[in-house]
Structure formats: C-alpha cells, structure tokens
Amino acid sequence: MRRVTLTQFLIEQQRAGRTNPDLRLLIEVVARAIKAIAVNVSKGALAGVLGEAGTDNVQGEAQKKLDVIANEILLQANEWGGHLAAMASEEVEEVHQIPFDYPKGGYLLLFDPLDGSSNIDVNISVGTIFSVLRFPEGVKEPNEGCFLQPGSEQVAAGYALYGPSTLLVLTVGNGVHGFTLDREMGSFVYTHPFMTVPVDTQEFAINASNARFWEPPVQRYVTELQEGKTGPRGKDFNMRWVASMVADVHRILTRGGIFMYPMDEKCRDKGGKLRLMYEANPMAMIIEQAGGAATTGRQRILDVQPEKLHQRVPVILGSTSEVERVTRYHLEG
Ligand code: FBP
C-alpha cells in the first residue's frame with residue numbers, strides 16, 4: 001500500500017476543498033510539536049522528566065515536569081507558526097497572546113498539553129488533546145470572549161496518544177483519520193482511514209471508585225451493566241479504566257465502548273471533572289465525526305455555550321446506543 005504522510009493527506013484534503021492552506025499548516029505545526037513531546041515522553045527517567053515540577057496549574061493541580069515541558073513546546077512552536085491570533089492551555093490561566101513581533105493568523109488553538117498526568121510516572125499511556133476555532137472577524141485584541149464558542153464551531157480537533165506507538169488522530173470535519181509516527185522517517189504515516197465507533201458495545205469505562213457520589217441515572221445505568229446477563233440488559237459488559245482520557249477514548253474509537261466522567265457529588269461544585277474547551281469539545285467532535293455520540297448526560301456537548309475558558313462539564317461519549325440510553329435515564333429523571 002502507498003505510504004501517505006500526514007502532509008500528503010492534508011494537501012489532498014486541501015485540494016478537495018476540505019481545508020485551506022492556513023489550517024493545514026497550523027495542523028502541521030501542532031504535529032511537529034507533538035513529535036517533540038513524544039521524544040520527551042519516551043525518554044522518561046533517562047531525561048529526568050518524570051516527577052513533579054513543584055508548581056501548580058490554574059486548576060490548583062500539582063504540575064508534572066512533562067506538563068510544563070509539553071506546554072512550553074506547544075506554545076513556542078505555535079507562537080512562531082504565524083497561523084494563530086492566540087492560544088489557550090490547560091496549564092495557563094489567561095489567554096496566551098502571540099508576541100507582537102510574530103505574524104498573526106485567523107485561528108485560535110486550545111490544548112491540554114499532557115492528558116492523563118497521573119499516569120506519567122508509572123509509564124502508562126498519556127496524550128495531548130487540541131481544538132481549533134476561528135478567530136472572530138472584526139476583533140482587534142484576542143481575549144477570553146473570543147474563545148467562548150460552542151464546540152460545534154470547531155474547524156479541527158485531534159489528539160496524540162503516546163503509547164507503545166505514537167498516534168495522531170485528527171478530524172477537519174470529514175471523518176476521523178489516524179496516523180502512526182514512523183520514528184525512522186520522523187513522519188506521521190496515514191494508517192487508520194475513516195475510524196468509526198461501533199453503534200453497539202459491551203465495554204464501559206468509568207472510575208468506579210466514585211460510585212457513591214454518582215447521580216441516580218448513572219447508578220441505575222452502571223448497576224444494569226454490572227448485572228449483565230442476570231439483569232435487564234440480558235448480556236454481560238466488561239469494564240476498562242486507564243485514567244488517561246486519550247487512551248480510553250482511543251480504545252472506544254478502535255473497538256467501541258462508552259466513556260463516562262459524569263456529574264457527581266464530588267465534582268458538582270466545579271461543574272464536573274473534565275474541561276469543556278480542550279478535553280470534552282475536541283473529543284466530542286472526534287467521536288461524532290466517527291459516528292458516535294457525546295453528551296453531558298442532559299445536553300449534546302457540542303451545543304454547550306461556554307462561559308469560562310477553564311470550565312468543566314460532565315462527559316458521556318462513545319457508542320451511540322449506550323450514550324443515548326444513559327442520556328435517556330438522565331432525562332427520565
Ligand atoms: P489531566 O491529566 O489533563 O488533568 O486530565 C484529567 C484526567 O487525567 C483524564 O485524562 C482522565 O480521564 C481522568 O482525569 C482520570 O480521573 P481519575 O483520576 O478520577 O480516574
């Protein structure tokens with residue numbers, strides 16, 4: 001089979017009118033940054049990049065050294081790229097402005113530089129998640145308000161998975177496509193065309209240690225899954241929880257499943273656990289582009305009107321039939 005690189009794939013998308021030169025070049029800059037992050041992640045203790053950084057992020061969470069390194073790599077690469085008006089990162093409180101002496105562009109980039117931080121020091125897969133929005137016309141200075149667009153306004157979304165192999169999974173609104181990093185060539189090679197989420201599944205992912213905090217609809221749904229053949233579902237379900245959203249979502253994109261980080265009494269005061277703008281929205285766009293569904297339990301995630309850059313939301317996504325069932329349980333109250 002002809003090996004197609006990410007660059008060739010994006011040029012073909014552009015020729016087909018599905019993307020434009022600026023967005024294509026922006027995605028290539030992000031992909032280059034991801035390759036640099038992959039090198040750091042794979043070096044681990046050899047490069048002294050494991051462990052705590054000794055600082056906290058905007059969410060008040062202790063930062064890992066790799067959180068800071070990955071964040072710096074993405075900021076520096078994209079500041080220089082010339083395709084952005086501004087950026088937003090899980091690790092930075094304010095909107096990150098492009099230095100005055102660098103060229104600016106028509107897009108806004110949002111990212112979680114290193115997702116699954118709790119798994120870094122134990123060598124379990126982690127990732128990077130990104131989302132691209134248009135910079136609103138007529139606005140002079142980029143500010144937080146520019147970013148507060150519903151997920152349905154995203155023009156591109158993707159994630160990198162730093163696992164046994166490094167993968168880049170991407171959508172520009174024409175299906176979901178996966179690329180594997182060929183370390184010898186130093187290029188991402190097109191290996192997973194038109195990834196789709198099977199409609200049905202017998203696999204669910206949730207942090208069961210939070211069970212006592214769940215709302216009744218989730219209690220009911222998970223209990224029925226655990227009852228399996230002996231219960232109303234009449235079939236057995238298996239559970240998986242990597243605690244790296246990227247790894248759990250990639251499994252679902254590959255073989256189906258449902259991922260849940262629902263509202264519960266432990267995270268209610270924060271509005272949920274996962275962040276809307278650079279975790280839930282990009283993953284929801286990818287899952288929907290792959291034929292799946294993504295809700296908060298009560299609303300389609302891509303329809304949520306953002307109010308704050310770092311706001312959190314409940315997340316339920318994956319195989320349509322299961323997402324629709326647990327959402328129905330929420331709406332039945
Ligand atoms: P960050 O690591 O980027 O803060 O992401 C949050 C996250 O690690 C998700 O990747 C994952 O799904 C979830 O938190 C795991 O939560 P828990 O520790 O409750 O299992």
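Numbering of ligands and ligand atoms starts at 1, following listing order. What you see is a predicted model; the values in this text were computed from it and never measured. The first residue in the sequence is number 1, and the count goes up from there.
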| field | Val315 and Met283, any side-chain heavy atoms less than 4.5 Å apart | value | no

| request: Output every pair passing side-chain hydrogen bond (donor to acceptor under 3.5 Å, both in side chains) with a member in residues 116-128, not counting sequence neighbours, ordered by first then second residue. | output: Lys64-Asp121, Asp67-Ser117, Asn119-Ser244, Thr128-Tyr162

| Listed partners of Asp112 passing side chain to side chain donor-acceptor pair (under 3.5 Å), at least two apart | none

| Which of parallel (below 30°), tilted (30 to 60°) and perpendicular (above 60°) describes Trp241 and Phe259? | parallel

Which atom pairs, nitrogen or oxygen on both sides, join ligand 1 and the protein at under 3.5 angstrom?
| residue | atom | partner | partner atom | Å |
| --- | --- | --- | --- | --- |
| ligand 1 | 2 (O) | Gly116 | N | 2.9 |
| ligand 1 | 2 (O) | Ser117 | N | 2.9 |
| ligand 1 | 2 (O) | Ser117 | OG | 3.4 |
| ligand 1 | 3 (O) | Glu90 | OE1 | 3.4 |
| ligand 1 | 3 (O) | Glu90 | OE2 | 3.3 |
| ligand 1 | 3 (O) | Asp112 | OD2 | 2.9 |
| ligand 1 | 3 (O) | Glu279 | OE2 | 3.4 |
| ligand 1 | 4 (O) | Arg275 | NH2 | 2.8 |
| ligand 1 | 5 (O) | Asp115 | OD1 | 3.2 |
| ligand 1 | 5 (O) | Glu279 | OE2 | 3.2 |
| ligand 1 | 10 (O) | Asp115 | OD1 | 2.7 |
| ligand 1 | 10 (O) | Asp115 | OD2 | 3.2 |
| ligand 1 | 10 (O) | Met245 | N | 2.8 |
| ligand 1 | 12 (O) | Met245 | N | 3.4 |
| ligand 1 | 19 (O) | Asn207 | ND2 | 3.1 |
| ligand 1 | 19 (O) | Tyr261 | OH | 2.6 |
| ligand 1 | 20 (O) | Asn207 | ND2 | 3.1 |
| ligand 1 | 20 (O) | Trp241 | NE1 | 2.9 |

| remark: Residues passing the ring-ring contact (aromatic ring centres under 6.0 Å, His included) test with Phe194, sequence neighbours excluded, are His177

| message | Check this for me: does any side-chain nitrogen of one of Glu265 and Arg268 sit under 4.0 Å from a carboxylate oxygen of the other? | response | yes

